Every structure is written in structure tokens, then in C-alpha cells.
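Source: prediction; values computed, not measured. We use all heavy atoms of the structure for the numbers below, so side chains are in, but hydrogens, waters and symmetry mates are not.
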2 protein chains.
Amino acid sequence: MDETAPQKGTVTQRAIDRIKAMIGEGRLEPGQRLPTERDLAVQLGISRSSMREAIRALTVLGVLEARHGSGIYVTQLEAGDLLETFGVVADLSRGPQLVELLEVRRILESTATALAAARITSDQLAEVEKHLTAMNATEDPEVILAHDLAFHREIATAAGNETMAAILDGLSSRTFRARVWRGYQEEGAFARTRREHAAIHRALVARDPEAARAAAAAHVGEVEQWLRSQVVDEVR
Amino acid sequence: MDETAPQKGTVTQRAIDRIKAMIGEGRLEPGQRLPTERDLAVQLGISRSSMREAIRALTVLGVLEARHGSGIYVTQLEAGDLLETFGVVADLSRGPQLVELLEVRRILESTATALAAARITSDQLAEVEKHLTAMNATEDPEVILAHDLAFHREIATAAGNETMAAILDGLSSRTFRARVWRGYQEEGAFARTRREHAAIHRALVARDPEAARAAAAAHVGEVEQWLRSQVVDEVR
DNA sequence: ACCACCCGAGTGGTCGGACCACTATGGCTA
DNA sequence: TAGCCATAGTGGTCCGACCACTCGGGTGGT
């Protein structure tokens, strides 16, 4: 008879759903400050410990942000906030799943590059060129990797879809690429990578979407094929 | 001088990173059982409360799975486990971001459908047809939605990339589509949806990737355009 | 009147312990 | 031998205390 006790799942899970629902229904706006942990616990009729677990869960999901000594706030719920967790997938995937992930990236990256070719502004293009030259001016793998990431990041942003850019960012996270690169660049793929980047840049300058799509697909596809061959060799 | 105390961030965050690292380094295999919460807390030198928060965080990320009374286990780390959080993004996004998300889905869904046209087996095709007829045989929006989801799910699976299928699943989660459909289907889009599904099915039967890509892109694009017009009207 | 400083109330972060709910295993009983 | 069941061990929940940090208002000096 107690309508307040459907009792499904753990209390923490229920608290997570309650808060998610509040945000979904618009009762909590982005950037807004939540009641204190202690108050929230009382409101939902659970202990502060359980409430903290719920808050921690929503924090790692990029929905909430806890500031020590200040309070708990709803994030802006932008692509960057919510898709940060996507990096975890890339970091923990392995073997065949890594290849699949790279295939997804190839599809999105080629489309994003094609869109960028049609929409990129001269300012953005200048930024892309900056990373391209910086990338070619050093031999430090760390620096190269950083500019490589920024190179593609800038292009994805120029495509005009922040959500897609955020996903691609996750699919190219530092640890993910570092893992793949470790063996890849030992096969003299440096020069090839530079040629591919140059081809992408040319297509952008020419504002040729089809050429850009092809160049980007080939670029990611190279790594993808190499990885595919590596996975096959993993007999263990 | 104390090398055991780099002291970066909260202890809970450190615990999360430690466990993630253990899995990344292969010290924890998929399916393996972890030490008890109490033991883990001692090992990492933190309290059980903090350790529980870390475990809860990794649980919602789909990395760990806690079974009451039994223990904590590493998931299989498959696409489905890790990409479940993708649904949260779809559920909490709104306005322009929803359009961007649908654009991503259009890109992936069209490619997946094209791949499926080339690779789908007769068994899988029969399954697709089952959902297609079931979807056309009822007027119950709930049932239609369920079969619609399964229809696209089956196609994505036939494309041979489980990771992509899992992402598309998240991008088509129940609450996400229910929200969009609420107003969409009131404009007599039912008949159109059926025609589009039929077109996709025809392309699959004909094993025509290009036709399949076009049909899928048009299908998602329809909803996307409608949503785009709705967002523009939201003056608030 | 202004400003820099300081302090205390309020907040999230951490801890330890207690107890509850559930699972699984082994021995005991029929 | 088959089935039951007591029990140890596990995750789930709660409590209360204290720590670390933020922030705003009061205080003192200029």
C-alpha cells in the first residue's frame, strides 16, 4: 500500500535515476546549483553515503560537477561534458574491438573532413596549417601526436558539428593513439602520415569535399589496416 | 620524499584511475573477480566508503559489475557494456545538440545500412522482415517503436561492426526516440515512415549498397529536418 | 570612505564502524 | 543419494565524526 516504495534496484540507482529525471524534465537547468548532499539525502530519504555514490556516478558521466567547498552544479550538458566518457571506451577496448572503433572513426572522420572542406573559414584553415607545419618541424613523437590531435580536432570543429567533434576527440584520445602508434611508427610510417596530412590539407584549400573525404578515409584506413593485421597475428 | 603520495585529485578519483590502469595493463582480465571492497580499500590505503564510490563510478561506466552477496567482476568490456552510457547523452541532450546527434546517427546509420546490404545473411534478412511486417501490422505506437528499434538494430548488426551497432543503439534509445516521436508522428509521418522502411528493405533484398545508403540517409534525414525546424521555432 | 585582511559558517571529501540483505558453499538430514 | 539448511562471506545501507576547502562579511587600518 505504500506508494512511495516501488523498491526497484538499489537506493543509489534510484537516486541516480531521480536526478537524471529532474534534469531531463527541466527541473534542473544547466549550470544550476543543487541542494547540498545532506539536503538531497533527506529529500530522497536516503543516507548521505548513498547520495554521495549517486552524485559520484553522475559526476563521472559528465552530468554533474562537484566543487569542493562550494556545491554541486549541473554541467552545461554540452557534447564535450557528456562525451568525455567516450575516451574510456577507446582506452579499454582491445583487439578486434579496437579495429571496429577505428572503422567508426574512419566513417565519421571522412565525413567531417568533407564537410569541413565546404565550410571551413580562412581563420580556421590558418589554424590547421599552423598545426601541420608544427607537426612537420619536429621529431619528438609527443609533440607530433599533440599537433596531430589538434589538426584533426580543428577540422572536425570546422565541420560545424560539435557533437561529432567531441566523439572524434574521444576516439583519438591520447592513450588510445599512443597505444596504436607505439608499433605503427616504427615501420617508417612517418613520411606516409605527412603525405596524407598534406593531401587532406590540399583538399581543404581547394574546398573539394570529395577529395577531402577520400584523403581522410585513406589516412585513417592506413592505420586501420595495419591494426587489423596486428590483431590477426595475436594468436594468444 | 614520500614516493607513495603524489596527492593529485581526490582519493576516490585516484582509486578509479588505479583500477582502470590495472585493467588497461591486463592485470585484470574481463570476467575476473576482484578482491572484496574491504580488501581493495586496504590495498589502496583508502576507506571503504571512498572505495565504494570508485566502484560505483566504474559500475555506471560499464567497466565493473557488482553482484550483491557474490563479489565485484570485470565486465567483458564489449561494445554493449561500455557504450551503454551513450544513451545518457541522447537522453539529456536538447535543442541544437539533438540535431547534431541525429546528424551523427544519419552518417553512421547510412553507412551501416550500406554495409549490411553487402553482407547480410538470409537468416538476418528474415529477421529484418519479421520486424518490418510486425511494425506494419499494428497501430500501437509502443509496439511500433519497439519493432522499429529492432529493425535498425538487426541491420546494424548485419553490417558486421558490433561497436557501431552499440553506438547506434544508444543514439536510438527508447526515451530519446519517444521524445522526438511525440510530435513527429502527429503530422501523418506514419505512412512516410513505412515507405522509407520498405525502401530500405528493398535495397537490402537487392543487395544494393548505394541504394541502401540513400534510403537510410533519407529516412533519418526526414526526422532530422523536422527536428531542425522545431528547434528554430524554440524562441525561448 | 575605501581597501586589504582575516575568520567563521557552510560545503564537499574522507574516514571508521555497525548492521542489513543476499549468495554460495559445505555438511547434515531424510 | 538427493535435498535441505545453517553459516560464513560478500555487497548494500546507514550513521556520526572530522578534515579541507570556498566564500562572504566583518574588522581593522589607511
Side-chain angles (χ1 to χ4, degrees), chain A residues 2 4-20 22-23 28-76 81, chain B residues 2 4-20 22-23 28-76 81:
Chain A
D2 190 356
T4 68
Q7 288 292 31
K8 46 185 173 184
T10 68
V11 295
T12 302
Q13 188 57 50
R14 258 182 293 162
I16 294 175
D17 294 337
R18 288 279 295 271
I19 297 181
K20 266 202 318 195
M22 283 192 214
I23 296 175
L28 286 177
E29 293 294 323
Q32 183 177 339
R33 179 168 181 265
L34 274 68
T36 70
E37 294 179 345
R38 295 164 174 86
D39 290 345
L40 276 175
V42 173
Q43 285 183 29
L44 301 192
I46 65 179
S47 72
R48 193 189 161 202
S49 313
S50 301
M51 178 54 71
R52 273 190 60 78
E53 283 188 29
I55 293 172
R56 170 72 62 178
L58 290 169
T59 294
V60 299
L61 288 180
V63 176
L64 298 182
E65 178 189 355
R67 302 179 199 161
H68 193 171
S70 173
I72 308 166
Y73 301 80
V74 181
T75 68
Q76 291 306 119
D81 300 323
Chain B
D2 190 356
T4 67
Q7 287 291 26
K8 46 184 171 183
T10 68
V11 293
T12 302
Q13 189 57 51
R14 257 183 294 161
I16 293 175
D17 294 336
R18 288 279 296 271
I19 296 182
K20 266 202 317 197
M22 284 191 212
I23 297 175
L28 287 177
E29 294 294 324
Q32 183 178 341
R33 178 165 180 263
L34 274 68
T36 69
E37 294 179 344
R38 295 165 173 86
D39 289 346
L40 276 175
V42 173
Q43 285 183 28
L44 301 192
I46 65 179
S47 72
R48 192 186 163 207
S49 314
S50 301
M51 178 54 71
R52 274 191 59 79
E53 283 188 28
I55 293 171
R56 170 72 63 176
L58 291 169
T59 294
V60 300
L61 288 180
V63 176
L64 297 183
E65 178 189 356
R67 302 180 201 161
H68 192 173
S70 173
I72 308 166
Y73 301 80
V74 181
T75 68
Q76 292 305 119
D81 301 324

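- You'll find the side chain of A/Thr75 stays beyond 4.5 Å of the side chain of A/Leu64, heavy atoms only.
- A/Gln43 places no side-chain N or O within 3.5 Å of a backbone atom of A/Leu40 that could act as its donor or acceptor partner.
- Summarising the geometry, the separation between CG on B/Leu40 and P on D/dG12 is reported as 13 Å, rounded to the nearest angstrom.
- As a whole-Å value, the separation of A/Leu58 CG from C/dG12 P is 14 Å.
- The distance from atom CD1 of A/Ile16 to atom C1' of D/dT13 is 15 Å, rounded to the nearest whole Å.
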*Could you go step by step and tell me if B/Ile55 and B/Glu37 meet the side chain to side chain contact (heavy atoms under 4.5 Å, CB included) rule?*
CA-CA 8 Å; B/Ile55 293 171; B/Glu37 294 179 344; 3.7 Å; yes

_Across nucleotides 14-22 of chain C, 5' to 3', mark each nucleotide with B, S or - according to how protein heavy atoms within less than 4.0 Å reach it._
BBB-BB-BB

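- The distance from atom CE of A/Met51 to atom C1' of D/dC14 is 13 Å, rounded to the nearest whole Å.
- For the pair A/Ile72 CD1 and D/dC21 P, the computed distance is 18 Å after rounding to whole Å.
- For the side chain to side chain contact (heavy atoms under 4.5 Å, CB included) test, residues two or more places apart in sequence or in another chain that qualify with A/Arg38 are A/Thr36, A/Arg48.
- In plain terms, the two heavy atoms of B/Ser50 and B/Val11 that are nearest each other are OG-CG2, 3.9 Å.
- When the P atom of D/dT22 is taken as reference, atom CZ of A/Arg33 falls 14 Å away, rounded to whole Å.
- Within the 4.5 Å cutoff, the side chain of A/Thr12 has heavy atoms near those of the B/Arg56 side chain.
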